[in-house]
Amino acid sequence: TLAEVKEALRIDYDDEDVYLQLCLDTATSHIEEAIDDYAIKITDEKFAKKAKLLIIMTVQDMFDNRVYSIDKSEKVKYILQSLMTQMRWS
């Protein structure tokens with residue numbers, strides 16, 4: 001939810017809510033479409049926790065890196081890719 005994202009990103013103001021919701025919607029649909037059998041896998045509690053973290057991390061990356069910059073976010077993107085790969089094959 002938007003509230004969970006704001007808590008994770010430590011955002012306590014509402015000025016960015018529209019942009020954050022857009023990032024959240026985009027991250028969620030991207031992950032749902034990128035992982036085979038997502039609708040089935042999401043029923044598993046361990047998978048659901050990883051998915052939630054992956055979505056929040058993706059939103060954070062989108063929020064923090066509004067300008068294209070590979071060097072700055074390379075480590076985070078590796079973590080996101082690693083989690084997504086793991087989730088695809090679980």
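We count residues from 1, following the sequence as given. Just so it is clear, the model here is predicted, and its values are computed rather than measured.
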Testing the basics here: between A51 and I42, what is the closest heavy-atom pair and its distance to 0.1 Å?
CB-CD1, 3.7 Å

When you group the ILVMFWY residues by side-chain heavy-atom contacts below 4.5 Å and let the links chain together, are L22 and M57 in the same group?
no

State which residues pass salt bridge (Lys or Arg N to Asp or Glu O under 4.0 Å) with E32; sequence neighbours excluded, sorted by chain then number.
none

Once you round to the nearest 0.5 Å, how far does CD of Q60 lie from CG of L20?
10.5 Å

L9 side chain reached by I56 side chain, heavy atoms, under 4.5 Å:
yes

Do the side chain of D44 and the main chain of F47 share a donor and acceptor less than 3.5 angstrom apart?
yes

Please find the pair of heavy atoms, one from T58 and one from A27, that lie closest to each other, and give the distance.
CG2-CB, 3.6 Å

Any side chain to side chain donor-acceptor pair (under 3.5 Å) pairs touching residues 1-14, not counting sequence neighbours?
T1-E4, E4-K52, K6-D14, K6-D17

Separation between CG (L24) and CD1 (I55), nearest 0.5 Å, reads 7.0 Å

Do F63 and I11 touch side chain to side chain, with heavy atoms closer than 4.5 Å?
yes

May I ask you to decide if D25's main-chain N or O and T28's side chain share a donor-acceptor pair within less than 3.5 Å?
no

What distance separates L54 CG from I35 CD1, expressed to the nearest 0.5 Å?
6.0 Å

Can you list the steps and then say if T26 with M62 is a side chain to side chain contact (heavy atoms under 4.5 Å, CB included)?
CA-CA 10 Å; T26 301; M62 291 172 160; 3.7 Å; yes

